[in-house]
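Structure, as structure tokens:
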Amino acid sequence: MKLLVTGGAGFIGSNFIFYERKQHPEDRIICLDALTYAGNLETLAPVMGDPMFRFVKGDIADRAAVYALFEEEHPDYVVNFAAESHVDRSIETPELFLQTNVMGTQILLDACRKYGVKRYHQVSTDEVYGDLPLDRPDLFFTEETPIHTSSPYSASKAAADLLVLAYHRTFGLPVTLSRCSNNYGQYHFPEKLIPLMISRALADESLPVYGKGENVRDWLYVEDHCAAIDLILRNGTDGEVYNIGGHNERTNLAVVKTILHELGKPESLITYVKDRPGHDRRYAIDPTKIHRELGWEPTTGFDEGIKRTVAWYLNNRPWWEHILAGEYQDYYERMYAGR
Ligand code: NAD
Ligand code: DAU
């Protein structure tokens with residue numbers, strides 16, 4: 001079978017490509033990626049020479065380019081990871097998020113209708129559910145939790161989710177949709193909490209914790225997310241939404257302290273900075289449905305996953321040092337100076 005993976009030069013998409021090559025070597029993979037600041041061909045180096053893999057540089061919001069690719073390749077399955085993914089950047093430039101996350105998704109859906117696919121899978125996020133209060137640890141997001149977004153990023157992802165489900169209901173397009181909690185692991189771009197803290201701590205730089213560091217995220221090792229998507233793609237039911245998460249809730253402060261501990265760095269590096277506007281308090285996924293219906297469960301707990309992640313960043317310095325040497329410096333200045 002032929003799989004089109006969009007956004008495969010980014011964090012989760014690249015991990016998914018590696019997972020698929022290992023688990024299903026008989027399948028051909030085409031990766032479509034615009035190589036924005038978050039896309040990195042160095043990440044895909046291990047598969048670039050693989051005859052079962054093809055990389056195509058292109059924008060999912062470019063209708064002509066997308067149709068031309070479908071005309072040429074006729075993929076059986078499409079998994080859409082391509083997105084603007086960082087909440088802080090969405091506060092800076094919401095339009096870009098609407099363009100890629102909403103218009104890009106719509107164009108992919110149109111292409112799937114026009115050329116026919118066995119399944120379109122949309123990679124979404126738990127952020128579409130909004131947030132939960134910090135003092136109600138008994139509450140979790142289920143697939144029935146109403147959409148209630150906080151940031152331009154989550155609003156754009158929610159709009160895309162609704163379009164995907166509308167194309168199923170209106171046009172009968174075979175779709176599935178997954179909403180996952182925070183991922184971490186190898187190839188995570190160092191604008192996000194965990195890799196940002198690792199790279200800064202290694203340079204003995206201050207670690208900018210938003211607000212009081214009390215916000216809670218539900219962390220999932222990236223390979224567990226990839227395994228869940230693979231199961232949904234192959235065994236899921238058309239038109240269904242699946243939540244993905246592994247009950248690994250931590251406050252941001254606890255995550256940062258764990259990283260410092262792993263690296264043998266002092267807690268005095270922690271600096272409390274002005275909070276993110278609209279900052280979601282707590283995310284927590286109830287993964288009962290995907291466990292019950294598809295037998296998925298995570299295999300890597302946070303304590304083991306964070307050790308592996310820290311080790312990966314220590315052993316792969318050139319990958320992230322290249323990123324830090326580029327326009328990232330301007331980004332960091334813009335986001336954090338005077339905060
Ligand atoms: P990322 O920012 O690391 O990668 C995004 C990739 O998409 C990059 O390679 C980028 O070049 C590409 N891209 C961006 N705009 C494009 C466009 N217009 N056309 C083609 N390619 C484009 O993101 P990520 O963290 O890997 O997230 C992947 C997906 O998973 C996103 O849809 C995100 O919303 C979702 N998600 C992420 C997390 C998380 O914790 N990172 C959790 C749940 C869901
Ligand atoms: O829940 C899934 C979502 O997780 C995905 O949909 C998003 O694409 C992904 O970026 C992530 O969103 P978050 O906003 O939760 O991730 P981020 O790494 O940006 O921040 C995690 C927490 O850490 C959040 O509460 C904000 C805080 N934070 C973040 C940064 C970058 C800090 O305190 N300091 C920082 O410098």
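In each ligand, atom 1 is the first atom listed, and ligand 1 is the first ligand listed. Quick note: residue numbers are just sequence positions, from 1.
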- Using heavy atoms and a cut-off under 4.0 Å, could you grab the residues that are in contact with ligand 1, chain by chain, numbers ascending? G7, A9, G10, F11, I12, D33, A34, L35, T36, A38, G39, G58, D59, I60, F81, A82, A83, S85, T100, V123, S124, T125, Y153, K157, C180, S181, N182, N183
- Would you please classify the geometry between the Y153 ring and the F97 ring as parallel, tilted or perpendicular, with 30° and 60° separating the classes? perpendicular
- Query: Can we call the ring centroids of Y37 and F189 under 6.0 Å apart?
  - Reply: yes
- Query: Got a second to check how far D218's CG is from H247's NE2, nearest 0.5 Å?
  - Reply: 7.5 Å
- Note on the structure: Value for CD1 (I60) from CD (Q106), rounded to nearest 0.5 Å, stands at 11.0 Å
- Item | Salt bridge R54-E73, side-chain N to carboxylate O under 4.0 Å | yes
- Sorted by chain and residue number, the residues with a non-hydrogen atom under 4.0 Å of ligand 2 are S85, H86, V87, T125, D126, E127, Y153, C180, S181, N182, E191, K192, L193, L196, M197, P208, V209, Y210, N215, R217, N252, R276, H279, Y283, Y336
- Message: Would you compute the distance between atom OH of Y67 and atom CG of L108 and round it to the nearest 0.5 angstrom?
- Response: 10.0 Å
- Item | Side-chain ion pair, R281 and E214, N-O less than 4.0 Å | no
- Of the non-hydrogen atoms in K2 and D76, which two are nearest, and what is the gap between them? N-OD2, 2.6 Å
- Message: Assess whether a salt bridge exists between R217 and E127, defined as any Lys/Arg side-chain N lying under 4.0 Å from an Asp/Glu carboxylate O.
- Response: no
